[in-house]
Amino acid sequence: MIQGSISQVSGFVGNFDVQIHTPTDRYDEMFGFIIAAQPANQQSKTNAFSLTSSDKIYSLSEFKRFLDSGDRLSENNGTWRHIAFFFDLKGSSDISQFETLLSILDRLEIFHQVQPYIFTRDLKVASAGLEARYRYHRQRGVVFFKFDGPDPQIVQNERGCVIEFVEPLLGEKMELTPDWIVLDEILGPPIDLDPLLKMIPSAPAFAPYLQPESTRFNGAETPKAGVYAVGPARGVFDNESLKADIDAVMVSVLKTLPELSRITEREAAFVDKTKCAFCLTCIRLCPHGAIGFHSRPEVDPLSCKMCGICILECPMGAIQTRSNNADVLEVDSNLFSNGAKTGESGRIKLLVCSRSGLQAAGKINQTLLSDVEICALPCAGSLDPNSLLKFFLDGADGIIVAGCFKGNCASIYGSTLAEERVTQTSKTLKQAGIDPERLEFIYLAGNTPGRIVEAIARLKSRTDN
Ligand code: SF4
Ligand code: SF4
């Protein structure tokens with residue numbers, strides 16, 4: 001294990017070149033994958049309670065270390081020791097903090113004459129087994145005070161701390177002078193992922209690094225293929241979520257490994273060096289960080305998701321795919337179990353993202369699609385505005401372009417790019433005297449076919465009049 005800081009990262013999934021600096025040395029290491037998996041940054045709530053540090057006040061993790069360091073609690077000389085835990089007071093607490101608190105209560109079971117008290121607002125039990133563990137400790141004598149009204153106050157003096165509070169059930173003022181007070185902590189990601197990703201020259205510059213809400217990413221994935229962030233490194237802390245993150249990364253890594261040896265067979269964009277003008281637009285725009293610069297722009301086949309965005313945005317037309325099918329995909333008729341035919345010339349063109357719109361179109365009754373021609377795009381971001389104009393010149397009554405909902409686009413901003421191109425093309429249509437409302441962009445998902453049906457109805461009501 002090397003303990004140091006990362007100073008430079010280059011390369012692609014399967015082949016990351018990482019430079020690590022220690023105070024005395026520099027290491028150049030190759031890694032297939034990069035997983036940010038640091039423990040959470042724990043910040044004490046001492047200030048929030050206006051307390052000064054003392055050997056009577058601990059944070060949860062400090063108290064855990066205190067228990068780990070020896071068994072001072074067993075030196076009780078026949079007297080009871082009282083420990084007051086503060087949880088979810090002075091700011092909301094994380095579920096993993098409650099797990100830590102319960103594991104401390106588990107540890108305290110071995111000591112005699114130790115009485116724990118939990119002062120709390122809201123216990124976080126929404127994780128497997130926590131509710132049962134909480135009930136267990138309550139039944140064995142741990143005292144829980146749950147506050148709806150004013151917070152309990154901790155008064156610190158030279159002899160220790162006094163807790164002043166109104167007992168929530170009895171409504172009576174009470175005081176407790178515990179031997180120790182243990183405060184939960186504010187947790188945060190240990191590092192900002194931005195510096196790590198920004199260190200990789202080919203990492204997407206404009207993309208948010210994590211897509212926790214997107215069904216297209218597994219949550220721990222970043223848009224840079226082969227770079228992951230798990231557990232606290234991305235902001236989730238309870239053990240169940242951490243295990244789910246690790247499983248998700250393992251699935252992704254195991255899926256990628258066999259592909260590493262078959263890169264040349266993989267469909268991917270490539271740059272024609274005879275046409276490239278070195279403007280670097282493609283490197284800046286690739287949402288998957290798949291294009292690097294090694295004396296000229298080069299696409300990493302394994303990282304390329306074939307969204308077609310670079311192909312559309314390259315001002316020199318220098319990027320292609322080996323099968324040249326990134327513009328419009330052949331529509332798989334198996335998707336259309338309702339028997340709808342595609343590829344026939346229709347009054348209305350429906351240009352759909354193959355990841356969402358194609359599935360949605362496959363759920364629509366054939367009669368509603370009788371005069372609709374469906375064209376599938378690898379990603380809405382590969383929509384070519386020229387093809388829209390050409391469709392109108394060829395006699396289309398109207399065009400609907402459908403892209404994934406924002407936040408759920410596999411190419412992060414592919415559908416946003418498509419919407420912008422549709423807006424621009426609508427302006428061109430208006431200048432050319434063509435009703436711009438004959439062109440519409442809609443956001444959808446594979447399970448929202450109704451959005452297409454509504455758009456077709458809107459378009460027909462305009463064109464039929
Ligand atoms: S966008 Fe096209 S011209 Fe510009 S660097 Fe990339 S391949 Fe070359
Ligand atoms: S096709 Fe998409 S993923 Fe592939 S290099 Fe171009 S922009 Fe990147």
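Indexing begins at 1, ligand by ligand and atom by atom, following the structure's order. FYI, the numbering just counts along the sequence from 1. In this text, all values refer to a predicted model and were calculated from it rather than measured experimentally.
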Problem - Trace of the side-chain contact (heavy atoms from CB on, under 4.5 Å) decision for E298 with F12 - result: CA-CA 11 Å; E298 275 178 13; F12 295 94; over 6 Å; no
Handout entry: Residue part near ligand 1, for I319, under 4.0 Å between non-hydrogen atoms
Key =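 For I319, the contact with ligand 1 is made by the side chain alone.
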Practice task
Could you confirm whether C304 has any N/O/S atom lying under 2.8 Å from atom 6 (Fe) of ligand 2?
Solution key: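 Under 2.8 Å: C304 has no N, O or S contact with atom 6 (Fe) of ligand 2.
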Problem - Side-chain (S426) to main-chain (V422) donor-acceptor, under 3.5 angstrom - result: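 Yes; at least one donor-acceptor contact below 3.5 Å.
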Practice task
Answer yes when R121 and D151 have at least one side-chain N-carboxylate O distance shorter than 4.0 Å, and no when they do not.
Solution key: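 Salt bridge present between R121 and D151.
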Handout entry: Salt bridge present between D94 and K124 (N-O < 4.0 angstrom)
Key =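 Looking at D94 and K124, the cut-off is not met.
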[X]: numbered ligand 1 atoms lying under 4.0 Å from its heavy atoms:
X    : value
C282 : 1 (S), 5 (S), 6 (Fe), 7 (S)
C314 : 1 (S), 2 (Fe), 3 (S), 7 (S)
M316 : 3 (S)
P297 : 5 (S)
L280 : 4 (Fe), 5 (S)
V271 : 7 (S)

Exercise for the section: Look at the rings of F147 and F119 and say which category their plane angle falls in: under 30° parallel, 30 to 60° tilted, over 60° perpendicular. Expected result: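 F147 vs F119 ring planes: parallel.
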Exercise for the section: Answer yes or no as to whether an N/O/S atom of C276 is found below 2.8 Å from atom 4 (Fe) of ligand 1. Expected result: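 No - counting backbone and side chain alike, C276 has no N, O or S atom under 2.8 Å.
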Protein heavy atom at shortest distance from [atom]:
atom                    : value
atom 1 (S) of ligand 2  : G308 N, 3.3 Å
atom 4 (Fe) of ligand 1 : C279 SG, 2.3 Å
atom 2 (Fe) of ligand 2 : C307 SG, 2.3 Å
atom 8 (Fe) of ligand 2 : C286 SG, 2.3 Å
atom 3 (S) of ligand 1  : A277 N, 3.3 Å

Problem - Enclosure of K64 NZ (heavy-atom neighbours >12, cutoff 6.0 Å) - result: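 No, NZ of K64 has 12 or fewer neighbouring heavy atoms, counting only those of other groups under 6.0 Å.
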Handout entry: F49 six-ring centre to K90 NZ/CZ under 6.0 Å and within 45° of normal
Key =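 Pair K90/F49 counts as cation-pi.
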Show me which atoms of ligand 2 lie under 4.0 Å from any heavy atom of [X].
X    : result
H288 : 3 (S)
K305 : 3 (S), 4 (Fe)
C310 : 1 (S), 5 (S), 6 (Fe), 7 (S)

Exercise for the section: Evaluate side-chain hydrogen bond (donor to acceptor under 3.5 Å, both in side chains) for S303 paired with D300, printing each intermediate quantity in order. Expected result: CA-CA 5 Å; S303 308; D300 173 56; 2.4 Å; yes
Problem - ligand 2 contact on I291 by region, counting heavy-atom pairs under 4.0 Å - result: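 Within the 4.0 Å criterion, I291 contacts ligand 2 through side-chain atoms alone.
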Problem - Any side-chain donor near an acceptor of the partner, E185 and S59, under 3.5 Å - result: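 A donor-acceptor contact under 3.5 Å links the two side chains.
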Handout entry: Residue of the set C404, P378, S382, C307 for which side chain to side chain contact (heavy atoms under 4.5 Å, CB included) holds with C353
Key =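 Only one of C404, P378, S382, C307 forms a side chain to side chain contact (heavy atoms under 4.5 Å, CB included) with C353, namely C404.
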Exercise for the section: Check whether any side-chain heavy atom of S44 lies under 4.5 Å from a side-chain heavy atom of E62, and answer yes or no. Expected result: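 S44 vs E62: side chains apart.
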